[in-house]
Amino acid sequence: MRTRLAGALLSVLALSLTATGCSGSSGSSGSSGSSGSASPSAATAGPETVADRVEPLTDRPVPELPVTVRSADGTEVTVGSADRLVPLSGSLSEIVFTLGLGDRVVARDLTATFQQAEQLPVVTRGHDVSAESVLSLRPDLVIAETGTGPEEAIRQIRAAGVPVLVVAPATGLDDVAARIGAVADALGVPAAGQQLTRRSQQRIDAVRGDVPRDGDARPRIAFLYLRGSASVYLIGGRGSGATSLIEAAGGVDAGAASGLEKDFTAITSEALVKAAPDAILVMSKGLESVGGVDGLTEIPGVAQTPAGTDRRIVSVEDGVLLNYGPRTDQVLRSVVEQLYGESGDRA
């Protein structure tokens with residue numbers, strides 16, 4: 001759910017299908033164990049502070065249509081109405097709802113788990129869209145990621161006369177403004193897009209300003225993608241999508257810094273020892289799938305790292321960790337608080 005989560009999660013999904021032979025303990029896929037933070041004494045604290053709701057703009061905008069915009073796939077898209085919207089990822093759904101147009105959304109992706117959207121019918125799972133399900137909802141506009149597919153489904157939707165806006169994936173904090181702007185412009189609410197961009201940036205900057213500074217001492221943080229039920233254990237490298245978030249939290253991406261050039265690499269003891277993370281960043285469901293912190297430390301190599309020894313685990317809900325959208329400030333705040341504690345003291 002390189003979401004997943006959006007841009008980064010796409011690569012993870014592809015790897016998940018081919019990496020089932022990766023070494024490690026599968027763990028349990030049901031109950032979660034204790035979830036950790038950067039402070040060993042807080043290893044049993046709750047992992048998340050991100051509210052499972054989006055916060056729409058106070059003033060609900062009125063779309064001024066028609067508009068013609070350029071899609072990320074090079075197609076010119078003319079939007080004549082925005083009464084029935086189908087965003088095909090959780091991240092895109094967050095943007096639409098936060099712009100104040102959530103009452104116009106008629107379907108969702110499986111990753112759109114926030115409360116305002118949870119009752120909507122699901123038409124995509126892991127960026128795999130059902131054209132028939134989408135068309136049955138008579139949408140005025142479909143908003144997709146570049147990785148949404150299959151391509152035949154997108155062609156089928158367009159052939160039926162439905163405009164499809166394709167938005168480039170998010171890979172870091174710098175993509176927040178561009179994605180908000182692309183969606184807002186297509187919906188005929190550019191001013192609302194600018195307002196939401198300013199609000200998002202101000203909130204991100206406020207969190208970054210609260211990150212403790214300790215000279216050149218920056219925690220090394222490894223991003224692990226875990227799916228214990230499928231024996232998938234991966235460590236993020238350059239392009240995983242987590243580097244920007246880790247650096248904003250005052251850390252160093254341990255995987256990238258250790259020389260891992262691929263987006264994701266199967267976890268080995270050697271790779272973890274070389275990365276030498278002081279803390280490990282994971283998605284909450286991934287942590288649950290390996291049996292919590294106890295199960296995570298049983299994966300070969302984890303216990304031999306400073307993070308494993310001190311049980312320094314930072315976990316954030318799957319659907320928002322790498323979205324780089326309107327709730328990114330909350331994600332960053334959660335990571336910072338788990339790394340340093342709410343008091344701001346470095347562990």
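Throughout, residue positions are numbered sequentially from 1 according to the sequence presented.
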Problem set entry | Salt bridge flag under 4.0 Å for residues Asp140 and Arg104 | no
Problem set entry | Spacing of CD1 belonging to Ile180 relative to CG belonging to Asp175, to within rounding of 0.5 Å | 11.0 Å
Exercise. Side chains of Val167 and Ile95: does their closest heavy-atom pair fall under 4.5 Å?
Worked result: no
Exercise. Can you find a pair of side-chain heavy atoms, one from Leu296 and one from Ile313, that are under 4.5 Å apart?
Worked result: yes
For this session: Identify, with sequence neighbours excluded, every residue that meets salt bridge (Lys or Arg N to Asp or Glu O under 4.0 Å) alongside Glu270.
Result: none
Problem set entry | Residues Glu288 and Lys285 bridged, charged N to O under 4.0 Å | no
Exercise. Quick one: does Arg84's side chain have a donor or acceptor within less than 3.5 Å of a partner on Val106's backbone?
Worked result: no
For this session: List the steps and the verdict of salt bridge (charged side-chain N to carboxylate O under 4.0 Å, His left out) for Arg199 and Asp59.
Result: CA-CA 13 Å; Arg199 188 185 84 176; Asp59 298 323; over 6 Å; no
Exercise. Under 3.5 Å, is there a donor-acceptor pair between the side chain of Thr309 and the main chain of Gln304?
Worked result: no
Problem set entry | Arg179 vs Glu145, salt bridge (charged side-chain N to carboxylate O under 4.0 Å, His left out): CA-CA, chis, key distance, verdict | CA-CA 10 Å; Arg179 285 168 62 82; Glu145 305 269 359; 2.9 Å; yes
Problem set entry | Pair Ser334, Gln338: side-chain N/O donor-acceptor within cut-off below 3.5 Å | yes
Exercise. Looking at side-chain heavy atoms only, is the closest gap between Leu321 and Val331 below 4.5 Å?
Worked result: yes
Exercise. Okay, side chain of Glu317, backbone of Gly319: is any donor-acceptor separation there less than 3.5 Å?
Worked result: yes
Problem set entry | Contact check, side chains of Pro63 and Val189, non-hydrogen atoms, under 4.5 Å | yes
Problem set entry | Arg208 and Glu247, any side-chain heavy atoms less than 4.5 Å apart | no
Seminar exercise, completed: Nearest heavy-atom approach of Asp128 to Pro150 is OD1-CD, 3.2 Å
For this session: Decide yes or no for Thr171 and Tyr324: does some side-chain heavy atom of the first lie under 4.5 Å from some side-chain heavy atom of the second?
Result: no
Exercise. Are any non-hydrogen side-chain atoms of Arg327 and Val54 less than 4.5 angstrom apart?
Worked result: yes
